[in-house]
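A short write-up of the structure that comes next.
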Protein chains: 2
Amino acid sequence: MLRKIFPVLLLVLGVFAAAQHAFSQTDPLPSWNEGPAKRSITDFVKRITTQGHADFVPEEERIATFDNDGTLWAEQPVYFQVAFAFDRLKAMAADHPEWRQQQPYKAVMDGDMQALAATGEQGLLAIIAETHAGMTTEAFTADVKEWIASARHPRFDRPYTDLAYKPMIELLAYLRANGFKTFIVSGGGIEFMRPWTERVYGIPPEQVVGSSGVTEFKIGPDGKPVLEKLAKVEFIDDGSGKPVGINRFIGRRPIFAFGNSDGDQQMLEWTASGEGPRFMGIVHHTDAAREWAYDRQSPIGKLDKALDEGLASGWTIVDMKNDWRTVFAFQ
Amino acid sequence: MLRKIFPVLLLVLGVFAAAQHAFSQTDPLPSWNEGPAKRSITDFVKRITTQGHADFVPEEERIATFDNDGTLWAEQPVYFQVAFAFDRLKAMAADHPEWRQQQPYKAVMDGDMQALAATGEQGLLAIIAETHAGMTTEAFTADVKEWIASARHPRFDRPYTDLAYKPMIELLAYLRANGFKTFIVSGGGIEFMRPWTERVYGIPPEQVVGSSGVTEFKIGPDGKPVLEKLAKVEFIDDGSGKPVGINRFIGRRPIFAFGNSDGDQQMLEWTASGEGPRFMGIVHHTDAAREWAYDRQSPIGKLDKALDEGLASGWTIVDMKNDWRTVFAFQ
């Protein structure tokens, strides 16, 4: 009898194996065109996940860090957190009639970016103080969630989170499927990102590193403890702050990092200078039709020195126009 | 034919199920005596992991935070990081003959704790500056690893990491097996803990929150970037700093927290005041024979206000002498 069962079993197992083979042949990065950028990613992942390969990296050391603005989602015409701050300020204006005569608030109400720029760093800090401080962390999280659910991007008339890049979401999932732990390391506010990064990128709050303000532990009016957000900068996670933030929050050096601007240069250098195999990637915004085209001269997401270093060092430079089949899922 | 295969299959499956049942009946906390402390832990975990139960908590929200000194490993006769600093200072003394006449160094060399105490906070900061700063993060990590591998505890003549509590190591593993993410939230130095917490507790570097000094990104003499440790305190992760650290590093409120001293009180309060089911635990050092007995009057690990609050609020107070069958694995 067993001799008759075995062929059946083998047949069943064979079907499973064929299905698995078909599955493993499915392109994990369908929004990436075939080319050197895509190949550099898949080649790297194959090398470091192949047992016995000289470049094999144990799973616990597979740390990947990604900038957010301009790398995982768009950042034009202004950083989305700035749009959030302006919207919040406008919503608060009803309770502040004096703002109609007072800078920098008047400039925001009037949409006068030149007048706003004239108020300089002082003006910006005043706006941050009004919109990002003087409340509990829980109240701020509720504000962010409400804005993310309701605000719409001026050019695309879509929720801002729809402007996450489909190829990068695929890349994050592909890395995780290959044993990586994926982190955000962004100049953006840590508490502005955490309420939605899990849903949009699959990155949980505890894997988000960002800029932060000081918070203070207090007992609230109902006797319950709260964390109060103060109008005081604690940490700027940009430029040389990125390796500092990586060391503080993660405590391991990434083997894979992606950025898009000079603010990511030190994170990429820090990644590049570790032992063993390394992957450094830069998103180059070259697609004015589907997204935006900007680099060396842009006031937002300026990519100049990091581009030179990336070209000289053989980092992967993603040409958005040619390397990405799809930019946004809705297109 | 199939009718004959089925009974065989069922038999095979039955053996598997029986084995699985036996496995699930194995006590996951064998170093805990049966009693209210152990029961409060297993009852809580059962409730929050049972689908359909009113207290069910989705896996991504199962965050557990543990103090380190006195909660996961011992802290007597001095915090082990202080022993590390003294040992480092003695090792450096050969290059500093002037220390023989100079406080606070002389006090450390002479083992004169009274003279050391007289140098106050200034003295302590000078020792930290010598032993924890003026080097790269990588050089410091190498120092810690070397000390952890070679130094021995004065009472037990064992490596310090042998003084990790077996019942707590079991508890960490039990929580992880039930979908929890386990974090350390300690007043100790973050870079002092990370080199060994994965091996000893199964907690990776990115899940360690602690006190830290400022680090600075620099290009080293060989052209490679380094992070230099400066003699400047950045963050003290103790007392009301613990909820602040939890918010900054984890970004979610724990549903399970364990401490042992007044420095953990605010972490426990922060945990207690969230929505839904909560577990708050305190290790009470009551076992002078196997470990140490101390609480309200102790200069190290003082447990006074948090004990009163824990007793009043029905937190789980672990009586080390009666609740732990084993304290250290080597005993």
Q) Which of parallel (below 30°), tilted (30 to 60°) and perpendicular (above 60°) describes A:Phe249 and B:Phe249? A) parallel

Q. Which salt bridge (Lys or Arg N to Asp or Glu O under 4.0 Å) pairs, counting each pair once, include a residue from residues 131-143 of chain A, with sequence neighbours left out?
A. A:Arg88-A:Asp143, A:Glu138-B:Arg253

Q) Minimum heavy-atom separation for A:Trp270 to B:Pro225, with atom names? A) CZ3-O, 3.6 Å

Distance in Å, [X] [atom1] paired with [Y] [atom2], rounded so as to fall on 0.5 Å steps:
X	Y	atom1	atom2	value
A:Ser240	B:Glu216	OG	CD	8.0 Å
A:Ile246	B:Thr215	CD1	OG1	11.0 Å
B:Ile190	A:Arg248	CD1	CZ	8.5 Å

Pick one of side chain, backbone, both or neither for [X], based on which atoms fall under 4.5 Å of a heavy atom in chain B.
X	answer
A:Leu227	both
A:Phe235	neither
A:Val226	backbone
A:Lys181	side chain
A:Ser212	side chain
A:Glu60	side chain

Q. Of all of A:Arg252, A:Gln266, A:Lys218, which one pairs up most often with chain B through heavy atoms under 4.5 Å apart?
A. A:Arg252

**Q.** Max heavy-atom pair count under 4.5 Å with chain B, selected residue of A:Lys242, A:Glu234, A:Glu191
**A.** A:Glu234

Q.
Suppose a student defines contact as a heavy atom less than 4.5 Å from any heavy atom of chain B. Which residues in residues 192-207 of chain A would they list?
A.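 So the qualifying residues are A:Arg194, A:Glu198, A:Pro204, A:Pro205, A:Glu206, A:Gln207.
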
Q: Mind running salt bridge (Lys or Arg N to Asp or Glu O under 4.0 Å) on A:Glu269 and B:Lys224 for me, showing each step along the way?
A: CA-CA 8 Å; A:Glu269 290 172 347; B:Lys224 278 193 169 188; over 6 Å; no

